[in-house]
Amino acid sequence: MLQQPKKTKFRKNQKGRLKKISRNGQLRFGMLGLKALRPLRITRAQLESGRRAIARRIKKLGKVWVNVFPDLIVTAKPTETRIGKGKGRLDYWACRISPGTIIYEIERTQYSGSSPKLRLNEAQAALKAAAIKLPCRTTIVTL
């Protein structure tokens with residue numbers, strides 16, 4: 001499971017806006033990637049469930065990179081509380097995703113001899129399984 005960051009600059013963050021388009025929409029490590037098409041906040045649990053869906057599909061035939069990290073504190077006040085009295089407690093960790101950001105990447109591992117290799121359609125099926133877990137529209141990009 002993804003952990004929280006060791007240190008943050010502020011104890012509680014403001015919401016902010018997600019309008020800018022990401023400039024790092026290129027694959028860096030793998031042959032296939034899952035790119036977000038809309039701005040959103042992804043929680044730590046959603047990221048981890050997508051990573052597990054990919055790992056379950058490709059088993060040990062490929063390597064998975066998660067290019068984003070949940071470093072944003074999202075707070076919430078309890079229900080039925082009156083207005084005022086401060087901001088609220090930590091509810092969950094999330095990460096801001098701009099449109100065009102590559103969230104996951106998959107690479108084939110090199111095997112010698114007649115060992116099985118990760119096929120392209122298996123990797124695409126794994127990324128589709130991860131896309132179902134995310135709360136936004138995504139697309140699969142290749143090299």
Side-chain angles (χ1 to χ4, degrees), residues 1-81 83 86-143:
M1 183 95 181
L2 291 168
Q3 299 298 320
Q4 66 187 33
K6 293 179 183 173
K7 188 177 179 184
T8 57
K9 188 170 182 179
F10 301 107
R11 282 179 42 230
K12 296 176 183 178
N13 295 354
Q14 294 182 345
K15 276 189 181 174
R17 296 291 176 257
L18 299 167
K19 291 185 179 181
K20 63 180 179 182
I21 295 175
S22 175
R23 295 177 193 255
N24 60 351
Q26 309 294 327
L27 293 173
R28 292 181 291 177
F29 305 111
M31 63 169 189
L32 279 173
L34 192 68
K35 180 190 272 193
L37 297 178
R38 306 243 188 246
L40 76 154
R41 281 195 314 210
I42 295 181
T43 67
R44 178 172 68 175
Q46 290 167 344
L47 267 178
E48 179 64 17
S49 67
R51 187 199 63 79
R52 284 183 181 177
I54 292 173
R56 199 175 301 124
R57 290 289 182 115
I58 66 171
K59 299 187 173 51
K60 295 192 178 189
L61 297 178
K63 186 167 173 61
V64 180
W65 279 278
V66 181
N67 290 343
V68 293
F69 184 77
D71 57 354
L72 179 72
I73 298 170
V74 179
T75 60
K77 292 187 88 164
T79 57
E80 300 179 4
T81 54
I83 295 176
K87 185 167 174 143
R89 296 179 144 212
L90 164 71
D91 194 25
Y92 58 90
W93 291 89
C95 55
R96 289 186 181 124
I97 305 289
S98 300
T101 302
I102 304 286
I103 302 170
Y104 300 107
E105 290 188 41
I106 297 179
E107 181 192 28
R108 293 188 225 189
T109 55
Q110 300 297 323
Y111 286 96
S112 60
S114 62
S115 297
K117 290 186 179 176
L118 180 65
R119 294 193 182 103
L120 188 64
N121 57 359
E122 292 171 352
Q124 286 177 340
L127 287 175
K128 284 180 185 175
I132 291 170
K133 306 287 185 181
L134 299 178
C136 73
R137 292 184 50 204
T138 57
T139 185
I140 297 173
V141 293
T142 60
L143 282 177

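Starting from 1, each residue takes its place in the sequence as its number. Below, each value reflects all heavy atoms present in this structure, side chains not excepted, and no hydrogens, waters or symmetry copies.
Here the closest heavy-atom approach between residue R38 and residue R137 is recorded as NH2-NH1, 2.9 Å. Heavy-atom minimum distance, A123 versus M31: CB-CE, 4.0 Å. For A125 against R57, the heavy-atom pair with the smallest separation is CB-NH1, 3.6 Å. In plain terms, the two heavy atoms of K133 and S49 that are nearest each other are CB-OG, 3.7 Å. Closest of all the heavy-atom pairs between P99 and P39 is CG-CD, 3.7 Å. Looking at every heavy atom in both residues, K77 comes nearest to K87 through CG-O, 3.3 Å.
For the pair T101 (side chain) and I103 (backbone), a donor-acceptor distance under 3.5 Å is absent.
Evaluated for a side-chain contact (heavy atoms from CB on, under 4.5 Å) with L34, the options L134, N67, V141 yield exactly one hit, L134.
Side-chain contact between T75 and D91 is absent, with no heavy-atom pair separated by less than 4.5 Å. Between V68 and I97 there is a side-chain heavy-atom pair separated by less than 4.5 Å. Using a 4.5 Å heavy-atom cutoff, the side chains of T43 and V74 are not in contact. A heavy-atom distance below 4.5 Å is found between the side chains of W93 and P5. With a 4.5 Å cut-off on side-chain heavy atoms, L27 and I102 count as touching.
Taking NZ from K63 and CD from E107, the interatomic distance works out to 8.0 Å, rounded to the nearest 0.5 Å. Note: R41 CZ to K15 NZ = 6.5 Å, rounded to the nearest 0.5 Å. Distance check, rounded to the nearest 0.5 Å: CZ of F69 to CD1 of I42 gives 14.0 Å. One distance of note links CG of L32 with CD of E122; it measures 11.5 Å at 0.5 Å rounding. Atom OH of Y104 and atom CZ of R51 lie 8.5 Å apart (nearest 0.5 Å). Between atom OG1 of residue T138 and atom NZ of residue K128 there is a gap of 10.5 Å, rounded to the nearest 0.5 Å.
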